[in-house]
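Notes to accompany the following structure.
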Amino acid sequence: MKFKPLDSWNSQTGLRQVTILATIFFIVVLIFSIIRYESLLSTYDHGLFNQVFWNSVHGNFFQSSMSSAASSASLMDRQLSYPSYIHLGQHFVIDFLIWMPIYALFPSPITLIVLQVALIAAAGIVLYFLARHYLSVPVSVMIVASYYGANGVIGPTLGNFYEHCQIPLFIFSLLLALEKQRWSLFWLFALLTLGTREDAGISLFGIGAYLIVSRRYPRAGLALCALSFSYVVFVTNTIMPMFSADNSRLYIANYFRKFVKTENPSTLELLWAILTQPQIIVEVFFKDASRRILYLLGHWLPLAFVPVITPSAWLMTVFPLMVLLLQVFNQAATSINTRYTFAVIPGLFYGTILWWSQHQDKFQPRFHRFWIGCIGLSLLLTYTSNPGRALYFISPYSFQPWVYQSLPAQLGHAANVKKVFSLIPQDASVSTSGYIVSHLSGRRNLIRLEVMQMKDEAGKVVAVDYALLDLWQLQQNNLKAPIDRGRVRGGVRFTDEALRIGAYGIAEVLDGVVLVQKGITSKPEVLAAWSKLRQEIAPLMK
């Protein structure tokens, strides 16, 4: 985008520039996100959330057999999945109710992709008006350009749909309402932010702390801190355990294992453990300090490193950052391309706006060029990191060894997979792998591959009707990650066991895709095709 001379910018010019930026962001990110989906690169969680929406609009609110498969009962206690499991035990995502009417009109995993990109793009527009409350048009536009060019914004948006995508829009709207002293809207957006997920209150707590320390609105700050803290504690310790123990067993106990030793810790236990063990905080940070420092640099880069010297930005982001930086056993927490960055983004940008409100004289042509260079570097790093593999056809997954897949080859294979999809009835139960899950998630009974049984609506153990695995995607020339070798072995073992017990046969083998069906006898030509495929992938079984 070509900028006009700074002294010629007016409000109309600024809004036009921001609208262009938002439109470019929306179109480009949406195109790459849909290509990623159609290339079968959306993973398990995208299908999980689509199934939550699909079940909800069919009257089974927040239920998901895939959430059940990802629960502590399934992963830790080896219990079978069931379709009526309620996802709210894992994450309290009641704001999904807002978007369900839209999903009911367009019930598809692509709807969630459009929704995510639209929410993030809309947040940038609100950010502009927030910046304009304090800043000149040129600085405000640069703030928005930083947002749309941030690796921490683009990367997660290109990935799976997650509830976190609502956070920037709601918090930027809350902050704009604060500046306009529209208190009813301020508290409305506070409630909407809390409803995104159970821990979103941590970001609000940071904003409340800023309002107190800065003495701008100390009573509102105290109320916001009290509301957010009480909400997090109440929901995680009283409401969510009514559905399952997953929040404490899967997330708190695993991600913060350095701090808590019990199997089922509460959020209050975790908070006390962190406050009383500062030596572990130091140990955790320095154990992988380079990764954490690079994560912070990735956040600061598109804003020309202004947040580094901004006390308000530190104060508003320290609480969500601590939650992320102290997670030893969840490397995704400190990856700039994951959804967790959305908890940090609002405080980071608002703090930067406040700093510029006191230093607009420093916005000189030389710094303007430096800032543009920082945004450009952020875009370059986003490209090279290939977030969510969405850029796979223009950015190799690996240079050493060379791993690259062309767009026609990937989409051609996806077309063959969809031919196999068509053989599965809509009401059939299916066990399949993460790459395929989202495309089959508009159904009641769907579980992860390598499990051949689940519980039905009555709680009776039943064998799944179909199993679908894609070995083409995991073959030597198409390997996307080291873990894929394990998936190859698991998928082959699954098929071998299904044939061994005699209750299943192979219905189709096409382009490395294998469809296993209950109650049939494999045709000789199909069985021969499976044997040939199995020999081809034998090296990956070692």
Side-chain angles (χ1 to χ4, degrees), residues 35-44 46-47 50 66 109 389 392-393 397 403 405-426 428-443 445-452 464-481 483-500 504-541:
I35 289 175
R36 175 179 180 266
Y37 171 78
E38 294 294 346
S39 299
L40 303 180
L41 294 178
S42 296
T43 53
Y44 192 87
H46 191 88
N50 184 67
M66 295 171 62
R389 304 175 193 175
Y392 72 91
F393 55 96
Y397 181 76
V403 179
Q405 189 59 264
S406 69
L407 181 62
Q410 189 74 27
L411 291 180
H413 172 69
N416 287 326
V417 176
K418 291 173 184 177
K419 289 179 182 178
V420 181
F421 286 174
S422 65
L423 302 177
I424 305 176
Q426 176 62 31
S429 57
V430 184
S431 176
T432 190
S433 54
Y435 294 123
I436 301 175
V437 155
S438 60
H439 290 262
L440 293 176
S441 55
R443 62 181 64 233
N445 298 299
L446 184 67
I447 57 175
R448 64 171 75 243
L449 193 62
E450 298 183 52
V451 179
M452 302 173 68
V464 295
D465 298 319
Y466 291 86
L468 181 64
L469 60 151
D470 181 1
L471 294 175
W472 178 91
Q473 191 116 289
L474 306 176
Q475 290 183 54
Q476 186 68 49
N477 294 333
N478 305 316
L479 282 174
K480 303 297 190 299
I483 193 175
D484 286 347
R485 291 182 182 273
R487 291 173 179 161
V488 171
R489 289 191 289 268
V492 171
R493 283 197 301 266
F494 178 94
T495 306
D496 288 343
E497 178 65 13
L499 294 175
R500 187 192 65 79
Y504 290 85
I506 297 180
E508 182 66 274
V509 176
L510 176 64
D511 195 22
V513 182
V514 183
L515 179 64
V516 180
Q517 182 179 348
K518 184 172 68 175
I520 69 166
T521 300
S522 305
K523 295 180 180 179
E525 61 273 19
V526 176
L527 198 59
W530 161 246
S531 299
K532 180 181 178 182
L533 176 62
R534 200 187 186 293
Q535 290 177 2
E536 291 176 357
I537 62 174
L540 296 182
M541 297 292 291

Calculate, to the nearest 0.5 Å, the distance between atoms [atom1] and [atom2] belonging to [X] and [Y] respectively.
X    : Y    : atom1 : atom2 : value
Y504 : L499 : OH    : CG    : 11.0 Å
L471 : I537 : CG    : CD1   : 4.5 Å
T521 : I506 : OG1   : CD1   : 12.0 Å
L468 : I424 : CG    : CD1   : 5.0 Å
E450 : T495 : CD    : OG1   : 10.0 Å
Q410 : W472 : CD    : CH2   : 4.5 Å

With sequence neighbours left out, write down each residue that passes side-chain contact (heavy atoms from CB on, under 4.5 Å) with [X], or none if nothing qualifies.
X    : value
L510 : N416, K419, V420, E508
S433 : I436, L449
S406 : Y404, P408, A409

Side-chain polar contacts of residues 525-533 - donor-acceptor pairs under 3.5 angstrom, sequence neighbours left out - could you list them?
unit_1, atom_1, unit_2, atom_2, d
S531, OG, L527, O, 3.1

Taking all atoms of both residues into account, what is the closest heavy-atom pair of [X] and [Y], and its distance?
X    : Y    : result
G505 : S522 : CA-OG, 3.3 Å
F494 : M452 : CE1-CG, 3.2 Å
L407 : S39  : CD1-OG, 4.4 Å

Go through the structure and list residues passing salt bridge (Lys or Arg N to Asp or Glu O under 4.0 Å) with K418, not counting sequence neighbours. E38

Under the side chain to side chain donor-acceptor pair (under 3.5 Å) test, residues paired with Y466 that sit two or more places apart: Q517

Within the distance-only criterion (no hydrogens, no angle test), does the side chain of [X] pair as donor or acceptor with the backbone N or O of [Y] below 3.5 angstrom?
X    : Y    : result
R443 : A428 : yes
T432 : V437 : no
D470 : V513 : no
S431 : V451 : yes

Angle class for the H439/F421 ring planes (parallel below 30°, perpendicular above 60°, tilted otherwise)? tilted

Indicate the ring-plane relationship of H46 and Y37, choosing parallel, tilted or perpendicular according to the 30° and 60° boundaries. tilted

Validation row: S441, P109 side chains within 4.5 angstrom (heavy atoms): yes

